[in-house]
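Since the structure comes first, as structure tokens, the remarks are kept for the end.
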Amino acid sequence: MTEGTTTSAAAEGVDTLSRLEQEGEIAADYLEGLLDIADLDGDIDMDVEADRAAVSIISDASGRDLQKLVGRDGEVLEALQELTRLAVHRETGDRSRLMLDIAGYRAKKRAELSELGAKAAAEVRSSGESVKLKPMTPFERKVVHDAVKAAGLRSESEGEEPQRFVVVLPA
């Protein structure tokens, strides 16, 4: 690798980081407006995780009001994430892979799904038989795939949305 290539790769990394930070700022502005309209209290936290902008709405209080923005099984959260991605797309012209978390819902869900993936991998390892899990959202499947991979096994997604599910395979 030449010095010019190294410099351009570093510049590309800085460009990517600044683009993701810009996505986070646009998303934060959009979400602050939404919180104002809904008359809900919450603080916005922005970060960059795994090559995507991550925005969280957190509350100092019990977070009860924010649960309205999560909805049953995270349905409202998923819809808000898509709306926020569209707001970012409108401003930047680029498709966004932004992740939205509200009141720690996704973080908690990620921990539960990681445990589910590890348990399924342990079951497959002991039985030698593949295990099919219940249908999941793309976010949920990704977390389970990562947990299965970390356990040293393989997994695949099967089926059609919204009934797409993970199958954990023996080694």
Side-chain angles (χ1 to χ4, degrees), residues 16-121 131-150 155-168:
T16 300
L17 180 61
S18 60
R19 181 181 52 79
L20 293 174
E21 288 172 345
Q22 179 191 19
E23 281 187 23
E25 290 172 14
I26 294 167
D29 289 345
Y30 176 79
L31 292 166
E32 283 175 0
L34 180 84
L35 289 173
D36 287 344
I37 291 168
D39 195 29
L40 296 172
D41 290 327
D43 295 324
I44 310 274
D45 183 38
M46 297 179 296
D47 201 359
V48 174
E49 299 172 358
D51 292 332
R52 61 172 62 185
V55 178
S56 300
I57 301 175
I58 53 179
S59 175
D60 291 339
S62 67
R64 249 185 148 127
D65 285 345
L66 292 182
Q67 289 304 317
K68 296 173 187 173
L69 297 179
V70 173
R72 187 176 49 114
D73 296 327
E75 290 174 340
V76 176
L77 171 59
E78 290 289 334
L80 287 173
Q81 177 175 275
E82 285 307 309
L83 289 172
T84 305
R85 285 177 174 176
L86 286 171
V88 170
H89 181 280
R90 185 185 67 227
E91 291 289 321
T92 65
D94 295 326
R95 184 177 173 272
S96 175
R97 295 177 51 234
L98 174 130
M99 288 296 291
L100 175 62
D101 192 5
I102 299 174
Y105 176 82
R106 275 202 205 276
K108 181 181 171 202
K109 191 75 169 172
R110 182 178 281 122
E112 291 170 359
L113 291 165
S114 292
E115 186 177 326
L116 174 67
K119 284 182 180 179
V131 170
K132 293 181 182 180
L133 302 175
K134 66 178 179 54
M136 299 177 188
T137 66
F139 162 76
E140 293 169 334
R141 290 194 309 271
K142 169 79 169 98
V143 173
V144 171
H145 285 305
D146 290 347
V148 169
K149 184 178 180 182
S155 58
E156 296 175 351
S157 291
E158 294 183 4
E160 298 292 323
E161 294 292 351
Q163 296 300 312
R164 200 155 167 78
F165 58 93
V166 173
V167 179
V168 182

Nearest heavy-atom neighbours spanning Gly24 and Ala53: N-CB, 4.1 Å
Return yes if some donor-acceptor pair links the side-chain N/O of Asp29 with the main-chain N/O of Gly33 below 3.5 Å, else return no. no
Minimal heavy-atom distance between Leu133 and Ala120, with the atoms involved, is CD2-CB, 4.2 Å
Side-chain contact test, heavy atoms from C-beta onward, threshold under 4.5 Å: evaluate it for Met99 versus Arg85 and give yes or no. yes
Is atom CD of Glu160 surrounded by more than 12 heavy atoms (other residues, nucleotides or ligands) closer than 6.0 Å? no
Spatial distance of atom OG (Ser96) from atom CZ (Arg19) [nearest 0.5 Å]: 8.5 Å
Measure from the side-chain N and O atoms of Ser56 to the backbone N and O of Ile58, and report whether any donor-acceptor pair falls under 3.5 Å. no
Only residue of Leu116, Val168, Val167 satisfying side chain to side chain contact (heavy atoms under 4.5 Å, CB included) with Val148 is Val168
What distance do Glu25 atom CD and Met46 atom CE have between them, rounded to the nearest 0.5 Å? 5.0 Å
Does CG in Asp36 sit with more than 12 non-hydrogen atoms of other residues, nucleotides or ligands closer than 6.0 Å? yes
Nearest 0.5 angstrom please: Leu100 CG to Leu31 CG, how far? 5.5 Å
Ile44 versus Leu35: any side-chain heavy-atom pair under 4.5 Å? yes
Closest heavy-atom pair, Ser114 versus Val143, reported as atoms and distance to 0.1 Å, is OG-CG1, 3.6 Å
The reported gap from CD in Glu32 to CG in Asp43 (rounded to nearest 0.5 angstrom) is 9.0 Å
Without hydrogens or angle criteria, can the side chains of His145 and Ser155 be said to hold a donor-acceptor pair below 3.5 Å? yes
Is there a side-chain contact between Lys134 and Phe165, using heavy atoms and a 4.5 Å cut-off? no
Pick from Thr84, Val88, Val48, Val55: which one makes a side chain to side chain contact (heavy atoms under 4.5 Å, CB included) with Glu23? Val88
Are the side chain of Arg141 and the backbone N or O of Val166 linked by a donor-acceptor pair below 3.5 Å? no
Rounded to the nearest 0.5 Å, how far does OH of Tyr30 lie from CG of Leu98? 11.5 Å
Heavy-atom closest pair (Ala147 atom, Gly117 atom, distance to 0.1 Å) is CB-CA, 4.0 Å
I'd like to know if the side chain of Arg164 and the backbone of Pro138 have a donor-acceptor N/O pair within less than 3.5 Å. no
To the nearest 0.5 Å, atom CD of Gln81 lies from atom OG1 of Thr137 at 9.0 Å
A side-chain contact here means heavy atoms from C-beta on lying under 4.5 Å apart; do Ile102 and Val76 qualify? no
Taking only Lys NZ, Arg NE, NH1 and NH2, and the carboxylate oxygens of Asp or Glu, determine whether Arg106 and Glu78 approach each other closer than 4.0 Å. yes
